[in-house]
Amino acid sequence: MNRKAKLGLNIVLAAGLMFTSAGIIPFHSETGRAEAAEPTAGQGPEGETMIFETATKLNTNLTGWYTAGKGRQENTADGLLLTSDQRENVAALSQASADDFIYEADVMIKEGQPDASLLFRASGDGKQAYMLQIVPQAGVIRLRDAANGAGSLQEERQVPLVQGEIYHLKVKAQGSSLKVYWGNQYMPVIDIEDNTYSSGQLGLHVWDGAALFQNILVSDLQGNLGSVLTSKGHWQPDLKGKKGSSGNQGKALLLYDRSAADFVYEGQISLPSDGTAGLAFRSSADGSDGYEAALVKTGNQLRVRLTKPDGTIIATSSRTYPGQAGAKHALEVQAKGSRIQIFVDGYTPAAIDVTDSSYVSGNSGLVVNSGTAYFQHTYVTDFASYNNEKYRPQYHYTPMRGSVSDPNGLVYFAGEYHLFHQDGGTWAHAVSTDMLNWKRLPIALPWNDYGHVWSGSAVADLDNSSGLFGDSGGQGLLAYYTSYNPDAPNGNQRIGLAYSKDKGRTWEYSKERPIVIENPGKNGGDPGGWDFRDPKVVRDEANNRWVMVVSGGDHIRFFTSTICSTGR
C-alpha cells in the first residue's frame, strides 16, 4: 500500500472503545462460530459484551457495537486494534443490519499472522455470516461462509501480504451477487453468486493474532442533515443510501438536527413498489408537528402530496408523473415564508404551489408512510444562498455540488433540453424548457461494471430504430459514452450504450449490447492504443442511417448503423 494510504489511516485517531467487565463468549476457530452463553448485566443480544459507546474519533458509520470471542479490543493512535488470545477468535459486531451494500475497511496485520476479516450479513450471535478475510499464512484473500459446513462458500485469490502494510478490504453485496475488491483495483478479484445469507449485521473478526482496523464504512445516506434526533420504524444502510420501511407500528420517520426556516430541500427517493414516502421539513423534534412532502406511487405513476404528520392533506398535485420501477426521483421543496413549492424530477411548473403558515421553522428528515423507500443525496440549503453565492454565474448553468466539465449528450426531446456533463467519471444531468432555467436531476450514468463513464453524446430515437422502446411509446433517448477501465492499459477505452424510456429520468445500461464498439482506435491490422475520445452520433436522414464520429488516436473514424445499437 502506498505512503498516501498509510497517512490517511494514521491521521484518523481512534476513540476510546472499552469493554465492560462481563464475560466473553467462546468462539470456535474451526467454524468461526460463537457458542451461546448466559446473558449477564451490561451485555448485548445473546449475551455478547457491549462496547462502551463513547467513540468519537474512530472513522466509522456503524453503531451499537458488541463483542464475542476470546481477546481484547484497544484504542490506539491509528485505529481499532483487535487482538485474539492464542489460536482463538475475537469478533466485534455492529447492531446495524443491511441487505445490499458496499462494506469496506483498512486493515493492518500487527502481531503474528492472524486471519483478519470483515463480517457481513451476520446473525446476531455471529454463528452464520459471510467472512471476507486476509490470510497471511496462506497469502490469500478469502471469501467464505463462517458456518464452514460441507459444500459452503470458500473462494480465495493469491495476494502479497506483508506485516505492517495497510490493505483495503471491500465487498459489494447485491442480492446473490458478491464482489470482492482488493487495494485500489476497480474490477473485483472475486465475483460470485451465493444466496446463503440475504441480510444481517456487519462486523470485524480476528483469529490468532492482532490486526488494526480503520475507516470502517458501509454505504449509507449522503447529505448535510446532521445527526439523528428521532428514529421511528425500521431504517438501515443500503447500497442505494438509506432504506426505510413502514410496519405494523405505522410510518417510519427519521428526523435530523438540521433546522431551517426558509430553504431549498433536495433529495432522491426510490420506491420499488407501491407506497408513499418523502421529505419531512419544519418538523418538531418528535415529529408530531411539521410538513411532509411525499411521493405517492401507484403502478407506474406518481402523485405529489403535502400533508401534516397526522395525515391531514394540505395539497395534492393535479397531474401524475412517470414512476418507472427502480427510478430515482428528484424531490425538491422550496419553502419561503408561507409559500411552499414542491418539484419532482425537474418538471415545471411546480407539482404543488401553496401558501400555508402552520409551521415556520423546524427540523428536516425522511418519512415512509407506507411500503419501502430508499433515500440518497439529501441536502438543505438556506434560501438566501441557494444558487446565489457571490461568484456563482447566474446566466450559465452550474451544478449545486460536485464538479463540472465536458458537456455531454446535449439533446432536445419531448419539449425539454437535456444537458449532461462530466462529474468524476459519471454523467451528471439537468433539464430545461428554455435553456436558461435548469433543474438538476440525479446522476444519469454512474460508474458501472465496465468502468468509468467518460464523454460522449445522446440522441433521440424517434422511430424505435434501436428496438429498445417498443413498450414505451416507440420513442426514447440513447446515450453513447466512452467506457474507461482504470485497471487496463489506457483504460481499454470502448464505446458503451445506455438508454432511457421515461424522458431521461431513468437510465439503463444496455444488457444486450453494453459495449457497442470494442476498440475505436483499431485500424485494420493495427490494434491501436485504446486511446480515443468522445463518440458523437448524428442522424443521416438522406441515407436512413446513424453516423458516429470518433477521434481514435491520431485519426478520425466514422461508423454507421441503421439500428443505433451497432456500428461498422
Worked verdict on Val453 versus Tyr509 for side-chain contact (heavy atoms from CB on, under 4.5 Å): CA-CA 11 Å; Val453 183; Tyr509 292 109; 3.3 Å; yes
Has the side chain of Lys336 got a donor or acceptor atom that lies under 3.5 Å from a matching backbone atom of Ala384? no
Nearest non-hydrogen partners of Gly278 and Phe375, listed with the distance: O-CE2, 3.3 Å
Are the side chain of Ser219 and the backbone N or O of Ile102 linked by a donor-acceptor pair below 3.5 Å? yes
Pairwise distance CD1(Ile340) to OG1(Thr355) - rounded to 0.5 angstrom: 8.5 Å
What one should report as the nearest heavy-atom pair of Thr398 and Pro393 is CG2-CD, 3.7 Å
Do Thr482 side-chain atoms and Trp454 backbone N/O form a donor-acceptor pair below 3.5 Å? no
Residues Leu271 and Ala277: closest non-hydrogen pair is CD2-CB, 3.9 Å
Lys242 atom NZ, neighbour heavy-atom count above 12 within 6.0 Å: yes
Ser405 and Gln422 side chains, donor-acceptor separation under 3.5 Å: no
Tell me whether Arg494 forms a cation-pi arrangement with Tyr450, defined as NZ or CZ under 6.0 Å from the six-membered ring centre and within 45 degrees of its axis. no
Less than 4.5 Å apart, any side-chain heavy atom of Asn224 and any of Val380? yes
Ignoring hydrogens, what is the shortest heavy-atom contact between Ser465 and Thr562? Give both atom names and the distance. CB-O, 3.8 Å
As a quick check of understanding, evaluate side-chain contact (heavy atoms from CB on, under 4.5 Å) for Leu239 and Lys172, giving each step before the final call. CA-CA 8 Å; Leu239 193 61; Lys172 179 181 179 180; 3.8 Å; yes
Would you indicate whether the side-chain heavy atoms of Tyr386 and Glu266 approach each other to under 4.5 Å? yes
Do Leu410 and Leu419 have side-chain heavy atoms sitting under 4.5 Å apart? yes
Given side-chain contact (heavy atoms from CB on, under 4.5 Å), test Asp502 with Asn300 step by step and report yes or no. CA-CA 11 Å; Asp502 61 352; Asn300 289 325; over 6 Å; no
Is Ser284 reaching over with its side chain to a backbone N or O of Asp289, donor-acceptor style, under 3.5 angstrom? yes
State, with a plain yes or no, whether a side-chain heavy atom of Leu468 is found less than 4.5 Å away from one of Leu478. yes
Least distance between heavy atoms, Ala498 atom then Tyr481 atom: N-CE2, 4.3 Å
Might you work through the side-chain contact (heavy atoms from CB on, under 4.5 Å) test for Lys243 and Phe101, ending with a clear yes or no? CA-CA 11 Å; Lys243 179 182 179 181; Phe101 49 83; over 6 Å; no
So, Arg282 side chain and Ala261 main chain: donor-acceptor pair closer than 3.5 Å or not? yes
Determine, for Phe263 and Arg258, whether the Lys NZ or Arg CZ falls below 6.0 Å from the six-membered ring centre while staying within 45 degrees of the axis. no
Here's a test for you: under ring-ring contact (aromatic ring centres under 6.0 Å, His included), which of Trp438, Phe420, Tyr417, Tyr397 qualifies with His429? Phe420
Return yes if a side-chain donor-acceptor contact under 3.5 Å exists between Arg545 and Thr560, otherwise no. no
CG of Leu132 to NZ of Lys170: how many Å apart, nearest 0.5 Å? 12.0 Å
Rounded to the nearest 0.5 Å, what separation is found between the CG atom of Asn437 and the OG1 atom of Thr348? 8.5 Å
What's the spacing between Leu477 CG and Leu462 CG if we round to 0.5 Å? 9.0 Å
Check the side chains of Arg305 and Asn369 for a donor-acceptor pair under 3.5 angstrom, ignoring hydrogens and angles. no
Under 3.5 Å, is there a donor-acceptor pair between the side chain of Asp310 and the main chain of Thr312? yes
Checking Asp353 now: which residues fulfil side chain to side chain donor-acceptor pair (under 3.5 Å) with it, not counting sequence neighbours? Arg339, Gln341
Hey, is the main chain of Ser199 close enough, under 3.5 Å, to the side chain of Asp99 for a donor-acceptor pair? no
Ring geometry between His452 and Tyr186 (parallel below 30°, tilted from 30 to 60°, perpendicular above 60°): perpendicular
Below 4.5 Å, heavy atoms only, C-beta onward: do Asn215 and Glu104 meet side chain to side chain? no
Could you check whether any side-chain N or O of Ser94 sits under 3.5 Å from a backbone N or O of Thr63, counting only pairs where one atom can act as donor and the other as acceptor? yes
Does a side-chain heavy-atom distance below 4.5 Å link Tyr291 with Ile342? no
Test your reading of the model: is there a side-chain donor-acceptor pair from Arg303 to the backbone of Ser317, 3.5 Å cut-off? yes
Output for pair (Glu389 CD, Gln394 CD), nearest 0.5 Å, gives 8.5 Å
Answer with yes or no whether the side chains of Asp286 and Thr230 bring together a donor and an acceptor at under 3.5 Å. no
Treating Tyr197 as the side-chain partner and Tyr130 as the backbone partner, does any N or O pair qualify as donor plus acceptor under 3.5 Å? no
Would you call Tyr480 and Leu497 a side-chain contact if the rule is heavy atoms closer than 4.5 Å? yes
Considering only heavy atoms from C-beta outward, does the side chain of Glu292 approach that of Lys251 to under 4.5 Å? yes
Scan the side chains in residues 326-333 for donor-acceptor partners under 3.5 Å anywhere in the protein, sequence neighbours excluded, and list what turns up.
unit_1	atom_1	unit_2	atom_2	d
His329	ND1	Asp345	OD2	2.8
Glu332	OE2	Gln334	NE2	2.6
Glu332	OE2	Lys439	NZ	2.9

Can a salt bridge be assigned to the pair Arg121 and Asp100 using a cut-off of 4.0 Å between side-chain N and carboxylate O? yes
How far apart are the closest heavy atoms of Gly290 and Pro309, and which atoms are they? O-CD, 3.0 Å
Distance col, row His418:NE2 vs Trp427:CH2, nearest 0.5 angstrom, shows 12.5 Å
